[in-house]
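Everything below concerns the one structure shown next.
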Amino acid sequence: MQQNLFVYNTLTRKKEKFKPLNPPHVGMYVCGPTVYSDVHLGNCRTYISFDLIFRYLTQIGYKVRYVRNVTDAGHLEGDAGDEGEDKISKKAKIAQLEPMEIVQKYTVGFHDVMQILNTLPPSIEPTATGHIIEQIEMVKQILEKGYAYEVDGTVYFDVEKYNKTKNYGVLSGRNLDDLLNNTRTLGGQEEKHGKLDFALWIKAKPEHLMKWPSPWSVGFPGWHLECSAMSQKYLGNQFDIHGGGLDLVPTHHTNEIAQHEACCGVNPANYWVHTNMLTVNGQKMSKSLGNSFLPHELFTGNNSILNKGYSPMTVRFFMLQAHYRSTLDFGNEAMEASEKGFKRLMNAFALLNGLKTSNATEIEIEPLLHRCYAAMNDDFNSPVLIAELFEASRIINSVHDRKMKIDEANLQILKTLMNTFVLDVLGLKDEQAANDDLPNVLNLIVELRSEAKTNKDYAISDKIRDGLARIGFQLKDSKDGTHWSKS
């Protein structure tokens, strides 16, 4: 197991050596989707990033319990998530469906997109509606410890009281006075003691569709509560990694820390990890700007931003070419460059099993393997890893073209390197290959062409060469024989 992994911690604003609480076990909680609409590309970027982290931690020997929730109730329309109408209930009323029909439709859609993008499923995928009892119990404990109050069936968290002994802005780096000065009190919320107080349990209006009995009222849990209740249930009072998008820091994750500390006395996670946002041609991706599109629109090219569609693995590769903490900008040039880069990498990967070895070697692969691990140990630096894999691809092409010699020992390390980092860690797969036997089929075709040339049947020989060229395979004749490569 690699022991020199460093992870950037939003909580401390620096890279820290990764030290699990209970090695080799690692607990990781990632905030999942609110299933009232199709999953958007920003979500996809977050879940691909945490899929990379999950895959790498597993690859280096950790036993990871990866928990990613599904929000199927309690997420209201306001920026803080506890003001306005429930997003799922609103969609259900418009469509004249049961809320759980909306939940089912978009949960299935979310899973389909995640599978298309080759992300591994989490170890546990709990839902908010499946953990109402746990959420009610957490509210009880927070009330008992004096950090919450009830007003007419709604229970609020007392932020200013909490901040007297704790630092409410510890994650965002903002102090309470600044937060108070920049927060307005909305109409109908005068019952709050403080402007920053947030709802733990909300009394339901008669027309509200999703509601449950509680000691305070028939109502529903606040959005922030579900993650605290479910992470505690499945990972304990403290666990290793809590993740999500950077947009969750100011409110959702800040409130999670506050309510969890009020209940359990500790910050829930040792490492807070956040992915950055998507932009399109330098502008934030948003519906209001008209530059937002869904994953299937990206795959098919049915959007007004890009010139054409891109395959799911090209999209995954594109996202991994940027560090998860960097802004990722969609644009035609960037996507086309990624498509070419992905093809180049997979073309080299396809040549691996057909490489010929020599008694001597002109290249040592071990240092390259160490550099691949070093890249991932530096806060999961996938762009540096991909640069190293392009170096591995150059070596593969040189050996294939007989410009470089490699012995059996180094070839085995090269195969291990490519399989480990291309397939297992980056989670890429070759979309062009019909099946794993493609190299053998091509070798057979090359052999048949060689027989045709030997028999001076040049018409058949040329027909085979030209036919392969049309479907993207180039033949090179040399004194050592004929070799194929993807063009």
Is there a side-chain contact between Met138 and Ser228 (heavy atoms, below 4.5 Å)?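 Yes; the side chains approach each other to less than 4.5 Å.
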
Do Arg344's NZ or CZ and the ring of Phe390 fall within the cation-pi criteria of under 6.0 Å and 45°? yes

Quiz question: by atom type and distance under 3.5 Å, do the side chains of [X] and [Y] form a donor-acceptor pair?
X: Tyr149; Y: Asp197; answer: yes
X: Gln321; Y: Ser382; answer: no
X: His242; Y: Glu256; answer: yes
X: Thr46; Y: Thr275; answer: yes
X: Asn43; Y: His40; answer: yes
X: Ser326; Y: Asn276; answer: no
X: Glu261; Y: Tyr162; answer: yes
X: Asp379; Y: Tyr324; answer: yes
X: Thr254; Y: Thr251; answer: no
X: Thr154; Y: Asp152; answer: no
X: His75; Y: Thr34; answer: yes

Can you check whether Tyr29 and Tyr234 have ring centres sitting under 6.0 Å from each other? no

Once side-chain contact (heavy atoms from CB on, under 4.5 Å) is applied, do any residues pair with [X], and if so which ones, sequence neighbours excluded?
X: Leu21; result: Gln238, Asp240, Asn270
X: Pro121; result: none
X: His274; result: Thr10, Leu171, Leu246, Val249, His253, Trp272
X: Asp329; result: Thr279

Steps toward side chain to side chain contact (heavy atoms under 4.5 Å, CB included) verdict (Tyr47, Met114): CA-CA 8 Å; Tyr47 303 132; Met114 290 298 99; 3.7 Å; yes

Heavy-atom neighbours of Glu98 CD exceed 12 at 6.0 Å: no

Is it true that, when you exclude Glu366 itself, more than 12 heavy atoms of the residues, nucleotides or ligands shown sit nearer than 6.0 Å to its CD? yes

Output all residues satisfying ring pair (Phe, Tyr, Trp, His ring centres under 6.0 Å) with Tyr106, sequence neighbours left out; order by chain, then residue number. none

Taking only residues two or more places apart in sequence, or in another chain, which ones meet Tyr310 in a ring pair (Phe, Tyr, Trp, His ring centres under 6.0 Å)? none

Applying side chain to side chain contact (heavy atoms under 4.5 Å, CB included) between Cys44 and each of Val39, Leu278, Ile116, Val315, report the one that passes. Val39

Side-chain donor-acceptor contacts of residues 294-302 below 3.5 Å, not counting sequence neighbours, with atom names and distances?
from: Glu297; atom 1: OE1; to: Leu294; atom 2: N; distance (Å): 2.7
from: Thr300; atom 1: OG1; to: His296; atom 2: O; distance (Å): 2.9
from: Thr300; atom 1: OG1; to: Asn302; atom 2: N; distance (Å): 3.2

Which residues pass the salt bridge (charged side-chain N to carboxylate O under 4.0 Å, His left out) test with [X], not counting sequence neighbours?
X: Glu125; result: Arg68
X: Lys308; result: Glu339
X: Glu336; result: none
X: Arg371; result: Glu388

Do NZ/NE/NH1/NH2 and the carboxylate oxygens of Glu85 and Lys90 come within less than 4.0 Å? no

Taking the basic N atoms (NZ, or NE/NH1/NH2) and the acidic carboxylate oxygens, is any pair closer than 4.0 Å for Asp424 and Arg55? no

Kindly indicate, with the supporting measurements, whether the criterion side chain to side chain contact (heavy atoms under 4.5 Å, CB included) is fulfilled by Phe380 and Leu385. CA-CA 9 Å; Phe380 311 105; Leu385 170 63; over 6 Å; no

How far apart are the C-alpha atoms of Phe318 and Phe330, what are their side-chain angles, what is the distance that settles it, and do they pass the ring-ring contact (aromatic ring centres under 6.0 Å, His included) test? CA-CA 9 Å; Phe318 169 72; Phe330 272 91; 4.9 Å; yes

Could you list the donor-acceptor pairs under 3.5 angstrom formed by side chains in residues 206-213, with sequence neighbours left out?
from: His208; atom 1: NE2; to: Met210; atom 2: O; distance (Å): 3.3
from: Lys211; atom 1: NZ; to: Pro206; atom 2: O; distance (Å): 2.9
from: Lys211; atom 1: NZ; to: His208; atom 2: O; distance (Å): 3.2

